[in-house]
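Heads up, the thing below is written out as structure tokens.
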Protein chains: 2
Amino acid sequence: MQSRPRIPEATVARLAVYLRVLSGLADDGRGTVSSGELASAAGVNPAGLRKDLSHLGPCGTRGVGYEVATLRDRIATVLGMETAHACVLVGIGNLGAALAGYGGFGSRGFEFVGLFDASPARVGQHVGGLPVRPVAELEEVVAATGATIGVIATPAEVAQPVCDRLAAAGVRSILNFAPVTLTAPRGVDVRQVDLSVELQVLAFLDKQRGAVPGVPLDTPLAPAGGMA
Amino acid sequence: MQSRPRIPEATVARLAVYLRVLSGLADDGRGTVSSGELASAAGVNPAGLRKDLSHLGPCGTRGVGYEVATLRDRIATVLGMETAHACVLVGIGNLGAALAGYGGFGSRGFEFVGLFDASPARVGQHVGGLPVRPVAELEEVVAATGATIGVIATPAEVAQPVCDRLAAAGVRSILNFAPVTLTAPRGVDVRQVDLSVELQVLAFLDKQRGAVPGVPLDTPLAPAGGMA
DNA sequence: GGGACTTTGTTCCTGCGTTCACAAGCGGTT
DNA sequence: AACCGCTTGTGAACGCAGGAACAAAGTCCC
């Protein structure tokens with residue numbers, strides 16, 4: 001009954017999506033939304049959306065719907081977005097530069113306070129308004145800024161040492177883009193985003209769909225010629 | 001039981017991880033691996049790993065373990081990696097350029113056959129060995145190359161139109177990096193990768209952990225000055 | 001050749017997430 | 001003021017994923 005006994009992780013991920021949709025609706029001047037419309041825009045089931053929202057207490061009006069601005073602020077508060085989160089980014093390659101320049105982070109309360117790279121050629125360059133610093137200064141910057149989130153976009157070979165240094169420096173949440181499974185000490189949360197894994201799942205689903213005609217397309221799809 | 005009655009998506013995602021670990025072990029010259037060691041390297045439970053592998057039939061030797069090369073090839077076959085997949089990439093901004101230059105795709109059977117961007121300044125440039133083409137040629141290239149996978153790395157505003165054009169051109173699997181929920185016709189599978197959502201989940205877990213001291217750290221954690 | 005150890009493959013069980021369906025409550029209307 | 005339709009919030013059932021324990025099977029050693 002308290003504020004948050006426990007919110008499932010799957011629900012948290014969806015809350016972030018709702019928040020994005022609600023921000024767009026607020027910009028369009030919408031005052032209220034129904035669960036059905038919001039669920040449709042987010043690509044989920046209306047009942048599931050209501051259950052997700054029930055985790056943060058009653059925040060809608062029966063017979064009317066949800067007040068867009070109020071619900072947006074409520075979700076932002078629950079997700080911990082009222083306070084800015086300081087992040088450090090290690091590995092300013094192609095992907096790292098893309099992350100540093102991505103505006104979607106800053107508008108959601110995440111601020112990069114340090115960019116690091118091992119290559120001397122990169123050090124000193126400015127990416128997204130911040131200078132790239134040598135990795136030797138990592139611990140110093142983390143301690144000075146109180147950064148709690150670390151993002152790893154390095155080659156796979158050095159991802160684990162970087163993870164160890166981040167954890168030792170006091171970072172408690174790590175987002176890893178390197179294609180390796182990281183091990184972190186107890187109390188440090190690591191989330192893995194493997195781009196090739198996503199592609200392989202897509203390829204498998206495509207193969208499975210093509211091999212099993214049990215899920216036919218309702219589109220004509222022409223000859224196809226496929227046979228079992 | 002024979003070929004594939006149905007493999008859960010969660011298992012497919014983990015199979016891709018096992019495949020990466022097995023490739024590394026094969027490069028190190030390892031002949032066999034036990035489920036415990038493989039599970040440890042992949043960061044999963046040994047029992048769960050064996051259950052995942054059971055979906056593709058008995059492929060291990062009791063008392064010994066799994067033959068590294070054999071298991072690797074088996075997983076690669078199941079995931080549909082023996083045949084190369086042609087992909088098109090729309091939106092050559094910071095993120096798109098990073099994806100085009102990422103070597104992890106080519107080594108896993110995914111080949112970019114077309115890069116597209118709406119900006120005339122981008123068109124003609126070469127990224128990752130391929131020329132950037134105008135989006136007007138999208139349908140033509142998809143038809144000529146038979147690409148089945150489309151990757152969207154455009155701004156959010158144009159992601160839905162691009163998705164529609166990809167689907168109409170014959171692409172059946174779409175990986176979307178734009179922060180919008182896409183709607184695709186029946187038969188076209190869309191996977192969403194929202195980087196800010198990942199960060200927000202991390203921030204929430206951190207906030208929850210900090211507010212609820214029920215999960216204490218077993219490390220001393222007192223002075224931040226300590227290091228490995 | 002036999003015994004014992006190791007490791008896989010399977011089965012059961014617990015818990016979670018998702019979905020469906022209904023009661024409660026609010027606004028608008030007459 | 002009362003009725004009625006609409007929407008939220010909640011309770012229950014279904015299905016699925018995850019984890020642990022057990023039996024089968026193969027190998028190594030004596």
Side-chain angles (χ1 to χ4, degrees), chain A residues 1-18 22 25 30-68 70-72 74-75 78 181 192 197 201 204-205 208, chain B residues 1-2 4-18 22 25 30-68 70-72 74-75 78 201 204-205 208:
Chain A
M1 214 35 197
Q2 277 71 0
S3 313
R4 310 105 211 175
R6 191 182 70 249
I7 300 183
E9 288 193 21
T11 294
V12 174
R14 282 189 296 266
L15 283 178
V17 177
Y18 306 153
L22 286 168
L25 289 175
R30 286 291 303 269
T32 58
V33 217
S34 68
S35 65
E37 186 179 2
L38 189 55
S40 173
V44 300
N45 190 294
L49 182 139
R50 291 199 298 270
K51 177 160 288 232
D52 286 340
L53 263 49
S54 72
H55 284 109
L56 32 96
C59 47
T61 308
R62 300 177 187 235
V64 178
Y66 300 95
E67 199 173 346
V68 172
T70 305
L71 183 58
R72 166 171 58 91
R74 176 82 68 100
I75 294 179
V78 170
T181 304
Q192 182 86 21
V197 167
V201 172
F204 173 79
L205 292 177
Q208 188 177 237
Chain B
M1 50 191 75
Q2 214 58 330
R4 309 109 208 170
R6 191 182 68 245
I7 300 184
E9 289 194 20
T11 294
V12 174
R14 283 189 295 267
L15 284 177
V17 177
Y18 306 154
L22 285 168
L25 289 174
R30 287 288 304 269
T32 59
V33 216
S34 68
S35 67
E37 186 179 1
L38 189 55
S40 173
V44 298
N45 190 295
L49 182 138
R50 292 200 296 272
K51 178 172 291 194
D52 287 337
L53 264 49
S54 72
H55 283 109
L56 31 97
C59 47
T61 308
R62 300 179 186 229
V64 178
Y66 299 94
E67 199 173 346
V68 173
T70 304
L71 184 58
R72 166 172 56 92
R74 177 80 69 101
I75 293 178
V78 171
V201 173
F204 172 80
L205 293 176
Q208 187 176 238

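We name chains A, B, ... by the order of the sequence lines, and we start the count at 1 in each one. Small disclaimer: the values here were computed from a predicted structure and weren't measured.
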Out of D/dT10, D/dG18, D/dA23, whichever nucleotide has its closest atom nearest the side chain of A/Arg50: D/dT10
B/Ser34 or A/Val64: which one's nearest nucleotide on DNA chain C is closer to the 5' end? B/Ser34
Starting at [atom1] of [X] and ending at [atom2] of [N], how long is that distance when rounded to a whole Å?
X       : N      : atom1 : atom2 : value
B/Glu67 : D/dT27 : CD    : P     : 12 Å
A/Glu9  : D/dA17 : CD    : C1'   : 14 Å
B/Arg6  : D/dA17 : CZ    : C1'   : 12 Å
A/Asp52 : D/dT10 : CG    : P     : 13 Å
A/Leu49 : D/dG9  : CG    : P     : 10 Å

Anything under 4.0 Å to a heavy atom of chain A counts; send over the first and last such nucleotide of DNA chain C, read 5' to 3'. C/dC16 to C/dG27
[X] side, atom [atom1]; [Y] side, atom [atom2] - distance, nearest 0.5 Å:
X        : Y       : atom1 : atom2 : value
B/Ile75  : B/Leu22 : CD1   : CG    : 5.0 Å
B/Ser40  : B/Leu49 : OG    : CG    : 11.0 Å
A/Thr181 : B/Tyr18 : OG1   : OH    : 10.0 Å

Per the end-axis method with five pairs at each terminus, what is the bend angle of the helix from C/dG1-D/dC30 to C/dT30-D/dA1, to 10°? 0°
Of the options A/Glu67, A/Arg72, A/Arg74, which is the one that meets A/Thr70 in a side chain to side chain donor-acceptor pair (under 3.5 Å)? A/Glu67
Counting only side-chain nitrogens and oxygens, does B/Arg62 get under 4.0 Å of the OP1 or OP2 atom of D/dA23? no
Taking the side chain as everything from C-beta on, heavy atoms only, tell me whether [X] gets closer than 4.5 Å to [Y].
X       : Y       : result
B/Glu37 : B/Tyr66 : no
B/Ile7  : B/Val78 : yes
B/Leu15 : B/Leu53 : yes
B/Leu71 : B/Val33 : no

Which ones in residues 35-42 of chain A lie close to DNA chain C, meaning a heavy atom under 4.0 Å from one of its atoms? none
Could you check whether B/Gly60 gets within reach of a base, just the sugar-phosphate, or nothing at all, counting any heavy atom under 4.0 Å? sugar-phosphate
